[in-house]
Every structure is written in structure tokens, then in C-alpha cells.
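Here's the structure we're looking at; comments come further down.
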There are 2 protein chains.
Amino acid sequence: MSVTPTRDRRSERHEATRAEILEAAWELAREQGLAALSLRDLGRKVGMRAQSLYSYFDSKHAIYDAMFARGVADFLERNRQLGSTDNPRDDVRAVARLFFGFCVEDPARYQLLFQRTIPGFEPSPESFAPSVEGLELLSRRLADAGADDPADLDLCTALITGLVDQQISNDPGGDRWYRLLDEAVDMYFARIDTRTNRRKR
Amino acid sequence: MSVTPTRDRRSERHEATRAEILEAAWELAREQGLAALSLRDLGRKVGMRAQSLYSYFDSKHAIYDAMFARGVADFLERNRQLGSTDNPRDDVRAVARLFFGFCVEDPARYQLLFQRTIPGFEPSPESFAPSVEGLELLSRRLADAGADDPADLDLCTALITGLVDQQISNDPGGDRWYRLLDEAVDMYFARIDTRTNRRKR
DNA sequence: GTCTATATTTGGATAGAC
DNA sequence: GTCTATCCAAATATAGAC
């Protein structure tokens with residue numbers, strides 16, 4: 001009589017290898033640039049021929065896509081670990097710092113997740129969907145802090161990604177723009193307050 | 001007796017062909033993405049074999065470099081045409097709009113000039129130097145408008161490029177973030193005023 | 001699942017004839 | 001200055017043996 005095991009050791013191993021390949025892909029992207037990633041190098045890094053990677057991914061774009069999904073998942077995990085205080089604006093400052101640090105610590109990841117510079121690649125809907133959740137987490141915290149207009153959210157994301165962008169492009173590894181982050185958030189809330197007061201009158 | 005002509009028709013033609021190649025390169029970059037530019041395609045576009053391009057440029061990176069220089073020059077030209085009014089803050093708003101428009105109208109150019117996503121490429125010192133002048137034009141206008149601290153300039157560039165970035169990445173061709181530009185500059189100056197008032201006390 | 005072998009395309013770049 | 005010819009390397013991808 002045949003028995004169906006609850007664990008499938010084969011697929012477990014398959015998944016483990018997939019994860020190993022993805023980790024190696026991220027390392028190469030960090031070392032040589034995201035666009036310079038090649039299946040040859042990637043295969044060598046995990047001790048395989050390039051062709052064997054096709055047992056795990058359908059194409060190079062599929063690898064980019066899985067890298068994208070992994071990056072989004074990493075961000076969400078950190079975001080969820082972020083608690084709340086009784087001061088909503090401190091919470092926004094905290095999420096801003098979290099996002100800033102996440103982007104700056106790995107420019108290649110920032111490039112894949114938030115810029116569109118790989119010709120021909122865009123994330124699949126399945127990989128992209130979870131990233132919406134990350135935006136919603138910020139959106140909710142902003143609403144708690146008094147910024148509930150959709151345009152408020154747009155301005156906030158622009159403000160933070162602008163600092164990130166300048167930091168990565170013009171002072172990689174430094175903190176020239178990181179030092180401005182809290183001040184920028186204060187400026188943002190000052191504007192929210194002004195508008196709110198105008199409304200009340 | 002030999003005569004030295006004041007015009008060198010040969011080098012004039014050489015320069016004209018160089019310019020033609022650069023224009024074609026920009027067109028290809030806009031059509032297929034900056035990183036997808038290839039000498040084969042470029043040669044075909046100007047009616048040459050790829051190898052013949054080496055009579056005009058030493059390498060592919062030299063072409064990127066010339067494209068970079070051309071982009072910077074285009075921006076400077078527009079920037080210089082911008083006059084001044086008696087209201088320094090209107091002037092800042094004007095330069096912000098100019099910069100925003102310049103970036104958004106050609107994302108490939110924005111990528112080459114302000115992001116660092118081509119593996120292995122960075123502009124030569126000669127090509128990069130003029131871009132400092134563009135930053136100084138903004139810096140001077142900001143100082144006229146009361147924002148004279150170096151950190152003020154950093155925050156301003158972050159704010160504007162952030163809006164540009166979001167516009168290009170998340171609403172290409174639209175105006176979802178362009179609509180926020182004037183408001184963002186107002187927010188920025190409101191903060192400058194607050195700080196100035198604090199100082200005076 | 002990994003390999004060899006191979007196809008196919010593409011890329012940047014050089015040598016030398018004309 | 002442009003061409004042909006060629007090189008060399010790298011890239012993604014497929015077929016089929018083991």
C-alpha cells in the first residue's frame with residue numbers, strides 16, 4: 001500500500017536550492033550591479049552550470065521577479081515588526097527611518113524595487129501585489145497622524161524617496177541626507193497642521 | 001606656398017557626424033531603454049556598421065559620456081534662459097518647474113544624468129564639471145530666497161527629485177506629482193521662515 | 001537534477017583593404 | 001572614413017544523455 005507522506009523531501013530541497021540561488025543572485029547584484037547579473041556568474045556562484053538554473057527558474061526575468069518578491073517580503077517583515085507608540089507622528093518618523101535605512105543599505109535592491117531601470121523587466125502581478133501592503137501601512141500611520149488626504153501620502157513618499165535618492169546617488173555610504181530626515185518629516189507635518197487649521201476656520 | 005584655412009571642413013564634418021550619432025543614441029535610449037543601447041543598433045540607425053562608430057568614439061562608454069555631456073548642456077541652456085523677477089521665491093518655483101519638466105520629459109536622460117544605473121559607467125570629470133554649474137544656479141536662487149544653508153540646498157534637491165522620481169516611476173506621462181510641486185515648494189519655504197524667525201528671537 | 005553539447009543571438013572591439 | 005572580415009567573449013536558452 002502506498003502512503004502519502006506529509007513532508008515532500010524532494011520539494012523541500014528544491015525550495016532550499018531556489019532560496020540559495022536567490023541569495024547568490026542578490027549578492028552578485030550588490031557586487032557588480034543589478035543589470036550586470038548573468039546566469040553564468042550566478043551558476044558558478046552556486047556550483048552549477050548556467051543551464052541547470054533552468055530547473056529552478058524559467059528565465060532570467062523569472063529570477064528578477066523572485067528577487068523582487070523577496071525584497072518586498074523583507075521590507076514587509078521589518079515593517080510589521082515596527083510597533084506603535086501613543087504618538088502617531090513618532091510612528092511616522094520611525095517608519096520613515098525604517099524605509100530610508102532599508103533602501104540605503106542595499107542600493108541594488110532599491111533599484112529593482114523602486115526604480116524601473118532593467119530594460120524589459122517589470123514585476124509580475126503576484127510579486128507586485130504585496131508591495132501595496134507596504135504602502136498601506138504608511139498610509140494608515142499617516143492618517144493616524146492627521147494626514148489623511150491621498151495627496152498627503154503622495155507628498156510623503158516623494159519626500160522620503162527624494163532623500164533616499166540623493167543619499168544613494170551623491171553620498172553613498174554617508175549620512176548627508178539621512179541627517180535631514182527628521183527635519184523633513186517635521187516640515188511635512190507643519191504643512192499638514194497649517195492646512196488643517198485653515199480648514200477649521 | 002601652403003595656406004592654413006581658418007575653417008577645417010573635414011573636422012566640421014566630423015563634428016556634425018558625431019552630433020548626428022549622439023542624437024540617434026538618445027533616440028534609441030528613449031525608445032528601448034538606456035541600458036539596452038547597442039552599437040549595432042546605433043550604427044544601423046545612422047547608416048553605418050557598428051565598427052565605423054569607432055572613428056567617432058573610442059568606446060561605448062565614450063558615447064555614454066558624450067550623451068551625458070549633451071544632457072547637461074541642454075539643461076544649462078534652458079536654465080540660463082530663465083530670467084529673474086523681483087520675487088525670489090517665484091524664481092525658485094520657476095526653476096523647480098523647469099527642472100521637473102526637464103526630467104520628466106525624458107526619463108532615459110534623467111536616468112543617465114541623475115541616477116547611477118549603468119554598470120561600470122560614470123561620467124568623466126570633464127563631462128561632469130558643468131553639471132556643478134546647474135546646481136549653483138539653484139543654490140544662488142535659493143540664497144536669494146532666504147535659504148542659504150548648505151543643508152537647505154540638500155533638502156530642496158531631495159524634495160524636487162523625490163517628486164520627479166515618483167512621477168516617473170508611478171505615473172509616467174501623468175501629472176499626479178507635478179500637481180504637488182508648488183505646494184511642496186511652499187512647504188519648504190514655510191520651514192525656512194520658521195527657522196529664520198527662531199533665529200531672530 | 002545536472003551535465004554536455006549546442007543553438008542562437010548579441011555584444012564590444014580590432015585588423016587591414018580600399 | 002567606411003567597409004569586410006574576424007575575433008572573442010558573453011548572453012539566454014534548448015535538447016538529450018546520464
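All chains are named by letter (A, B, ...) in the order of the sequence lines, taking the proteins before the strands, and each is independently numbered beginning at 1.
Separating the CD1 atom of B:Ile63 from the P atom of C:dG11 is a distance of 13 Å, rounded to the nearest angstrom. Between the CG atom of A:Leu53 and the P atom of D:dT14 there is a distance of 13 Å, given to the nearest Å. One interatomic measurement links the two molecules: NE2 of B:His61 to P of C:dG11, which rounds to 16 Å at whole-angstrom precision. Atom CG of B:Leu42 is separated from atom C1' of C:dG11 by 13 Å (rounded to the nearest Å). Counting to the nearest Å, the P atom of D:dT2 and the CZ atom of B:Arg44 are 18 Å from each other.
Atom CD1 of B:Ile168 is separated from atom CZ of B:Phe100 by 7.5 Å, given to the nearest 0.5 angstrom. The distance from the OG1 atom of A:Thr161 to the OH atom of A:Tyr110 is 5.0 Å, given to the nearest 0.5 Å. With rounding to the nearest 0.5 Å, the separation of CD1 in A:Ile118 from CG in A:Leu34 is 4.0 Å. We find the CD-OG1 distance between B:Glu12 and B:Thr17 to be 11.5 Å, quoted to the nearest 0.5 Å. Taking CG from A:Leu98 and CG from A:Asp91, the interatomic distance works out to 12.0 Å, rounded to the nearest 0.5 Å.
If you check residues 15-24 of chain A against DNA chain C, you find no residue with a heavy atom closer than 4.0 Å. Contacts between residues 115-128 of chain A and DNA chain C, counted as heavy-atom distances below 4.0 Å, involve no residue at all.
By the 4.5 Å heavy-atom criterion applied to side chains, A:Leu113 and A:Phe102 are counted as neighbours.
Aromatic rings of B:Phe75 and B:Phe114 (six-membered ring for Trp) have centroids beyond the 6.0 Å cut-off, not under it.
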Please list, for nucleotides 3-5 of chain C, all pairs of protein and nucleotide N/O atoms separated by less than 3.5 Å.
| unit_1 | atom_1 | unit_2 | atom_2 | d |
| --- | --- | --- | --- | --- |
| C:dC3 | OP2 | A:Arg49 | N | 3.0 |
| C:dC3 | OP2 | A:Ser52 | OG | 2.8 |
| C:dT4 | OP2 | A:Arg49 | NE | 3.4 |
| C:dA5 | N6 | A:Gln51 | NE2 | 2.6 |

Give each protein N/O atom lying under 3.5 Å from an N/O atom of nucleotides 10-12 of chain D, with the pair distance.
| unit_1 | atom_1 | unit_2 | atom_2 | d |
| --- | --- | --- | --- | --- |
| D:dA11 | OP1 | A:Ser38 | OG | 3.1 |
| D:dA11 | OP2 | A:Ser38 | OG | 3.4 |
| D:dA11 | N7 | A:Arg40 | NH1 | 3.1 |
| D:dT12 | OP1 | A:Lys60 | NZ | 2.9 |
| D:dT12 | OP2 | A:Leu39 | N | 2.9 |

Would you be so kind as to tabulate the donor-acceptor pairs closer than 3.5 Å made by side chains of residues 141-151 of chain B, with sequence neighbours excluded?
| unit_1 | atom_1 | unit_2 | atom_2 | d |
| --- | --- | --- | --- | --- |
| B:Arg141 | NH1 | B:Gly83 | O | 3.4 |
| B:Arg141 | NH2 | B:Leu82 | O | 3.1 |
| B:Arg141 | NH2 | B:Gly83 | O | 3.4 |
| B:Asp149 | OD1 | B:Ala151 | N | 2.8 |

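Checked against side chain to side chain donor-acceptor pair (under 3.5 Å), A:Arg80 has the following partners two or more places apart in sequence or in another chain: A:Glu133.
A salt bridge between A:Asp186 and A:Arg93 is present, with a side-chain N of the basic residue lying under 4.0 Å from a carboxylate O of the acidic one. Using a cut-off of 4.0 Å between Lys/Arg side-chain N and Asp/Glu carboxylate O, A:Asp41 and A:Lys45 are scored as not salt-bridged.
Checked by atom type, the side-chain pair A:Ser55/A:Ser52 shows no donor-acceptor distance below 3.5 Å.
Ring geometry for A:Tyr64 versus A:Phe121: interplanar angle of 30 to 60°, hence tilted.
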